Amino acid sequence: MAGRIEDYALIGDLQTAALTGRTGTIDWLCLPRLDSEAVLAGLLGTPDNGYWHIGPSVPETSPRPAADRRSYRGDTLIMEMEWDTPTGMLRVTDFMPPRTHADDTPRLVRIAEAVTGTVDVDVALSLRFDYGKVVPWVQKTADNRTRAVAGPDAVWLDTDAETHGESLTTRSRLTLAEGERTTFTLSWQPSYKGAPDKLDIDQAFEDTEKFWTDWVSRCTHSGPYRAAVIRSLITLKALTNPLTGGIAAAATTSLPEEIGGVRNWDYRYVWIRDAAKILSSLMRAGYLDEARAWREWLLRAVAGDPENLQIMYGIAGEREMPETTLDWLVGYEGSAPVRIGNGAAGQRQLDVYGEVIGTLHLAALFGLERDETSNTLLTKLVESVETHWREPDAGIWESRGPAQHFVHSKVMAWVAVDRAVKLVDDGHADGPVEQWRKLRDTIHQDVCANGYDAERNTFTQYYGSQDLDAALLLIPQVGFLPADDERVIGTIEAVQRELSTSDGFVLRYPTNGDDVGMDGLPGDEGDFLVCAFWLAKDLAMIGRYADARTLFERLLSLSNDVGLLAEEWDSKLQRQLGNFPQGFSHLGVVEVALELELCDQRASLPALEGAAR
């Protein structure tokens with residue numbers, strides 16, 4: 001049985017990732033890429049759909065014990081778990097060597113070692129290809145390697161431990177004395193190729209640790225929340241493919257927004273919006289190379305068709321992500337259907353124009369060199385905004401109900417034009433700037449006239465609506481109105497009043513329980529964590545620093561024991577919900593920490609000026 005969502009830790013190699021639980025069981029692994037078919041899919045089904053367990057031996061009728069301790073090794077993605085058994089201490093170390101070149105082989109390494117005393121260890125590897133559906137053909141080779149094959153895929157297990165097949169599972173039981181260790185390496189290779197080379201595990205471990213510590217050393221943030229920021233940045237980096245530049249929204253599919261509900265989506269793709277916001281956080285923390293790679297990804301993905309800019313693409317810029325359901329998987333804790341692909345890819349969402357151009361503008365501010373191809377793209381994108389900004393769309397939350405004139409979408413259309421004007425004014429681009437200035441003013445006036453409820457002193461979810469939307473919290477953050485504008489303050493207070501939950505966090509928008517809501521779906525969902533981070537940042541921007549810090553620290557307390565956050569929080573069940581780990585949630589950590597650092601710096605200026613006088 002899968003653990004709670006927050007029971008998992010992420011390990012990854014930048015191109016794919018695995019989730020390893022407190023009991024030493026890996027229940028999720030896609031190979032060779034994050035959006036490839038899973039070879040371990042027990043997370044969304046049962047153990048029959050694939051898992052890999054390494055932990056202390058216990059009687060068959062006893063539950064597998066959770067580790068007494070676990071943590072990442074320093075500022076890396078190397079996970080260490082320790083069990084105190086009656087006879088000694090067992091440590092299991094999990095890691096995936098980073099893949100930064102096209103010909104790198106995907107590897108997952110597990111090391112079992114006796115730290116003290118003597119320990120008995122159980123190992124069980126149940127590979128199931130095609131998201132837990134296909135049992136591979138498993139055989140031992142002449143050189144004592146284990147090969148599992150199904151169709152185009154082959155997975156190789158290398159270990160010095162004695163293994164045997166039992167109930168369609170590769171098993172091993174070993175006894176380790178103090179100081180002894182046994183290693184296990186899982187490698188993926190196309191089935192039509194020969195065996196992958198055996199891995200030098202000590203060298204791979206050293207290289208993996210060095211990769212992450214070197215990358216973290218480039219971080220420019222040094223505030224009081226540095227540890228949380230670093231863990232979030234590492235998580236965001238793990239979702240960033242170094243070959244394509246694509247940034248996935250999360251490492252999983254179909255982890256539910258409501259236990260037992262139908263709001264289960266595939267997040268293993270590149271949302272323009274999510275990627276742009278994640279890049280903003282990375283750049284503010286000192287990482288510009290990722291912005292350069294993403295710009296190249298964007299130009300390839302959009303190609304010569306910016307008029308049909310999609311809201312999301314595949315990791316390498318693929319346009320087609322047909323949404324299907326996997327009926328053989330029962331879903332996480334019975335939350336069905338399990339979906340792969342995402343039908344929202346075909347939606348029109350006007351805000352993506354603002355996200356793209358806003359990120360290009362920020363990259364220019366941070367020193368990214370001018371690029372004439374992206375300048376051409378800029379012009380085409382603004383032309384698309386000019387053509388379509390008056391049309392209704394599906395909105396930031398990808399409503400599957402009727403299209404509406406969402407206020408956030410209009411605001412981001414304004415951002416698109418505003419940042420284009422700034423790029424031209426600052427010499428980073430060329431374009432009909434006076435025409436764009438007029439367009440910018442027209443959009444601004446339209447939003448203020450039609451998206452604002454003067455009686456309640458708040459902007460609304462869409463034109464003519466009485467409902468609110470947490471995305472309205474972004475109005476001051478994108479500069480549409482200053483933070484001290486009474487309409488901004490009124491909107492922040494209205495969101496706190498009408499969308500807050502019992503834990504003081506924030507819903508995205510109202511839902512209708514069993515009835516179909518505005519978004520075209522039945523059921524409810526948890527508190528959307530990034531919305532609460534937006535609220536914390538807004539509170540800091542309007543001078544309510546203590547409230548901002550209190551909310552931020554409450555949000556950090558929701559992180560699991562290794563600093564990871566899913567998409568949502570269930571205030572009733574007091575547990576994490578949604579895909580995991582979620583890039584949006586972790587960029588919220590970085591953004592608010594950086595904002596609070598700025599607040600601290602501003603607060604210290606009067607004292608410094610007084611001392612100077």
Side-chain angles (χ1 to χ4, degrees), residues 2-12 16-19 28 30 34-35 43-44 77 228-241 246-259 261 263-282 311-312 315 332 335 339 342 344 355 396-398 470-471 505-508 525-537 552 555-571 573 575-593:
R4 297 177 305 168
I5 291 170
E6 58 266 37
D7 286 341
Y8 290 95
L10 177 79
I11 56 174
T16 191
L19 295 186
W28 183 251
C30 298
L34 199 66
D35 54 352
L43 180 70
L44 298 178
L77 268 186
V229 169
I230 291 297
R231 182 49 53 193
S232 290
L233 289 172
I234 290 172
T235 304
L236 296 176
K237 178 65 173 176
L239 297 173
T240 305
N241 189 297
I247 304 175
T252 58
T253 178
S254 297
L255 289 180
E257 297 173 9
E258 179 183 32
I259 298 296
R263 296 169 181 260
N264 318 316
W265 314 108
D266 194 344
Y267 278 13
R268 299 170 299 153
Y269 305 112
V270 184
W271 268 255
I272 294 285
R273 173 192 313 109
D274 296 43
K277 290 184 181 298
I278 288 169
L279 271 180
S280 297
S281 295
L282 288 169
I311 68 162
M312 73 177 84
I315 298 294
Y332 179 84
S335 305
R339 295 181 174 93
N342 201 303
E355 302 291 1
I396 182 176
W397 307 125
E398 297 165 8
F505 304 130
V506 182
L507 298 171
R508 292 189 292 179
E525 61 181 21
D527 314 351
F528 209 76
L529 292 179
V530 77
C531 298
F533 283 113
W534 291 343
L535 175 59
K537 185 171 181 178
F552 182 55
L555 285 163
L556 291 182
S557 73
L558 303 184
S559 302
N560 71 1
D561 58 312
V562 292
L564 300 182
L565 288 166
E567 182 181 27
E568 300 182 1
W569 174 254
D570 189 319
S571 295
L573 299 178
R575 56 181 295 190
Q576 294 192 30
L577 290 176
N579 284 305
F580 177 89
Q582 177 76 9
F584 240 14
S585 299
H586 284 282
L587 78 88
V589 172
V590 178
E591 287 292 304
V592 179

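These figures come from a predicted structure and were not determined experimentally.
- Contact of the Leu43 side chain with the Phe580 side chain is not registered, since no non-hydrogen atoms from C-beta on lie closer than 4.5 Å.
- For the residue pair Val592 and Ala536, the shortest heavy atom distance occurs at CG1-CB, 4.1 Å.
- Applying the side chain to side chain contact (heavy atoms under 4.5 Å, CB included) test to Ala344 and every residue at least two apart in sequence or in another chain returns Ile311, Met312, Asn342, Gln347, Glu398, Arg400.
- Nearest heavy-atom pair across Tyr8 and Arg4 is CD1-O, 3.3 Å.
- Of the inter-residue distances, the one linking Ser571 atom OG with Leu507 atom CG reads 7.5 Å to the nearest 0.5 angstrom.
- Here the CG atom belonging to Leu577 is positioned 4.5 Å from the CG atom belonging to Asp570, to the nearest 0.5 angstrom.
- The structure places CG of Asp7 at 12.0 Å from CG of Leu564, a figure rounded to the nearest 0.5 Å.
- The closest side-chain heavy-atom distance from Gln582 to Leu565 is not below 4.5 Å.
- Under the salt bridge (charged side-chain N to carboxylate O under 4.0 Å, His left out) criterion, Arg575 pairs with Glu333, sequence neighbours left out.
- Closest non-hydrogen pair, Cys531 versus Arg508, comes out as SG-CG, 3.9 Å.
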Inset, instruction - Please report the C-alpha distance between Trp569 and Gln576 in whole Å, then the side-chain angles of each, then the deciding distance to 0.1 Å, and finally whether the side-chain contact (heavy atoms from CB on, under 4.5 Å) criterion is met. - result: CA-CA 5 Å; Trp569 174 254; Gln576 294 192 30; 4.1 Å; yes

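- At least one donor-acceptor pair closer than 3.5 Å links the side chain of Asn579 to the backbone N or O of Trp265.
- Side-chain atoms of Ile247 and Asp274, non-hydrogen and from C-beta on, never get closer than 4.5 Å to each other.
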Inset, instruction - Dump the intermediate steps for side-chain contact (heavy atoms from CB on, under 4.5 Å) on Val506 and Asp527, then the final yes or no. - result: CA-CA 5 Å; Val506 182; Asp527 314 351; over 6 Å; no

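- Residue Ala250 comes nearest to Leu239 through the heavy atom pair C-CD2, 3.8 Å, listed as atom of the first residue, atom of the second, then distance.
- Considering every non-hydrogen atom in both Gly583 and Ile278, the closest pair reads CA-CD1, 4.1 Å.
- Residue Leu77 holds its CG atom at 11.5 Å from NZ of Lys237, rounded to the nearest 0.5 Å.
- Judged as a side chain to side chain contact (heavy atoms under 4.5 Å, CB included), and not counting sequence neighbours, the contacts of Leu44 are Trp28, Thr253, Ser254, Leu255, Leu329, Tyr332, Val338.
- Salt bridge Glu568/Arg263: absent, no basic N to carboxylate O contact under 4.0 Å.
- The two atoms that bring Leu529 and Ala566 nearest to each other are CD1-O, 3.4 Å, heavy atoms only.
- In this structure, OG1 on Thr16 lies 8.5 Å from CZ on Arg268, to the nearest 0.5 angstrom.
- Using the six-membered ring where Trp is involved, Tyr267 and Trp271 have ring planes that are perpendicular, over 60° apart on the 30 and 60° scheme.
- Interatomic distance, Phe533 CZ to Phe552 CZ, rounded to the nearest 0.5 Å: 6.0 Å.
- For the pair Ser585 (side chain) and Pro581 (backbone), a donor-acceptor distance under 3.5 Å is absent.
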